[in-house]
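A quick write-up on the structure given underneath.
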Amino acid sequence: MTIPRQLPNAITIVRILCAPVFLWMLLADAGADGPLRWGAAVLFIVAIATDGIDGYLARKYEIVTDLGKLLDPIADKALTGCAFVGLSILGELPWWVTIVVLVREVGITVHRLVVASDHVVAAAWMGKLKTVAQAVALSLALLPLWTIVGDWIHVVNTITMSIAVLLTVASGIDYVVTEIRGERRGREATR
């Protein structure tokens, strides 16, 4: 079976385009626990799940591209960034959490774009783990499960969000350390 060479990148681009639609759905009725909130949560979950699909297809059919390596983390950050901001606008997530996450995400994305002409920085294992933790924490926070199972779900949401934030900070530090080491090795090799 063959697939179109650009299919993984097309899936990634659709994920980017889903981000503003998701945010509109989340905020359209001020975050009420109605159909738009459920729809926003489902759209987020489906869109973030495509992250694994596009990567799997690219690796399986050996059609990994530099564009895909660059766009994939941007798509993840667009979608999760909209979720963090949306939850903070609704007052369901402290702004300091969103700011910490966005500073890390924007900083690393800008760095990736700056060095893209020199080398493409693919996501590391810790960054991928961070993305999974954020996806789980945000999915639980977006789904109005408290209407079904009760308020105890807020404890679960707090725990999963804390794990996601810790992994976000740790993976950011790991990224910076890895890039500094790579830069040093590059300088030593040119001597």
Side-chain angles (χ1 to χ4, degrees), residues 8-23 26 44-45 47-59 63-89 93-142 159-189:
N9 289 347
I11 293 170
T12 301
I13 290 167
V14 168
R15 191 162 66 251
I16 293 170
L17 296 174
C18 283
V21 175
F22 151 74
L23 185 59
L26 180 63
F44 175 85
I45 292 166
I48 203 72
T50 66
D51 180 36
I53 295 169
D54 59 8
Y56 169 78
L57 291 173
R59 286 185 300 277
I63 49 177
V64 175
T65 64
D66 284 346
L67 178 63
K69 288 180 191 175
L70 190 64
L71 286 180
D72 188 64
I74 291 171
D76 296 338
K77 288 168 180 51
L79 195 57
T80 57
C82 283
F84 280 108
V85 168
L87 289 168
S88 290
I89 288 171
L93 185 66
W95 274 104
W96 71 264
V97 170
T98 297
I99 291 167
V100 165
V101 169
L102 291 182
V103 164
R104 183 265 190 218
E105 303 293 14
V106 170
I108 288 177
T109 300
V110 167
H111 181 265
R112 275 194 168 109
L113 294 173
V114 168
V115 302
S117 62
D118 183 41
H119 66 283
V120 174
V121 182
W125 71 270
M126 190 178 275
K128 291 178 182 182
L129 183 61
K130 174 265 314 174
T131 300
V132 170
Q134 285 182 358
V136 170
L138 289 168
S139 296
L140 287 172
L142 290 166
I159 292 168
T160 57
M161 191 62 71
S162 298
I163 292 168
V165 171
L166 288 172
L167 283 171
T168 299
V169 172
S171 66
I173 293 168
D174 179 64
Y175 177 91
V176 170
V177 168
T178 300
E179 280 297 294
I180 290 171
R181 286 180 181 158
E183 200 173 290
R184 284 184 187 153
R185 280 193 300 271
R187 280 196 307 260
E188 290 171 3

Practice item. Not counting sequence neighbours, list each pair that qualifies as a salt bridge (Lys or Arg N to Asp or Glu O under 4.0 Å) and has a residue in residues 93-102. Key: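 Every pair satisfying salt bridge (Lys or Arg N to Asp or Glu O under 4.0 Å) with a residue in residues 93-102: there are none.
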Under 3.5 Å, is there a donor-acceptor pair between the side chain of [X] and the main chain of [Y]?
X	Y	value
Ser88	Thr98	no
Arg184	Ile180	no
Thr65	Gly68	yes

Exercise for review: Can you see which heavy atom on Ile48 is nearest to which on Ala135, and at what distance?
Suggested key: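 Closest heavy-atom pair between Ile48 and Ala135: CG1-CB, 3.8 Å.
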Check your understanding: Out of Ile13, Val14, Ile11, Asn9, which one pairs with Asp54 under the side-chain contact (heavy atoms from CB on, under 4.5 Å) rule?
Key ->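 When side-chain contact (heavy atoms from CB on, under 4.5 Å) is applied between Asp54 and each of Ile13, Val14, Ile11, Asn9, only Ile11 qualifies.
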Point to revise | Stepwise side chain to side chain contact (heavy atoms under 4.5 Å, CB included) check, Leu87 with Leu142 | key: CA-CA 8 Å; Leu87 289 168; Leu142 290 166; 3.9 Å; yes
Review point. Once the angle between the rings of His111 and Tyr175 is folded into 0 to 90°, is it parallel (under 30°), tilted (30 to 60°) or perpendicular (over 60°)?
Key: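 If you compare the ring of His111 with that of Tyr175, the planes turn out perpendicular.
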Got a list of side-chain donor-acceptor pairs under 3.5 Å for residues 164-172, not counting sequence neighbours?
from	atom 1	to	atom 2	distance (Å)
Thr168	OG1	Gln134	NE2	2.8
Thr168	OG1	Ala164	O	2.7
Ser171	OG	Arg104	NE	3.4
Ser171	OG	Arg104	NH2	2.7
Ser171	OG	Leu167	O	2.9
Ser171	OG	Thr168	O	3.1

Exercise for review: Please name all residues satisfying side-chain contact (heavy atoms from CB on, under 4.5 Å) with Val103, sequence neighbours left out, ordered by chain then number.
Suggested key: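 Residues passing side-chain contact (heavy atoms from CB on, under 4.5 Å) with Val103: Ile99.
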Point to revise | Qualifying residues under side-chain contact (heavy atoms from CB on, under 4.5 Å), relative to Ser162, sequence neighbours excluded | key: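 Testing Ser162 for side-chain contact (heavy atoms from CB on, under 4.5 Å), a comparison that skips the adjacent residues, returns Thr158.
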Donor-acceptor pairs under 3.5 Å, side chain of residues 77-84 to any protein atom, not counting sequence neighbours: which ones?
from	atom 1	to	atom 2	distance (Å)
Lys77	NZ	Glu105	OE1	3.4
Thr80	OG1	Asp76	O	2.8

Exercise for review: Please identify each residue that fulfils side-chain hydrogen bond (donor to acceptor under 3.5 Å, both in side chains) with Thr178, with sequence neighbours left out.
Suggested key: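 Thr178 satisfies side-chain hydrogen bond (donor to acceptor under 3.5 Å, both in side chains) with no other residue.
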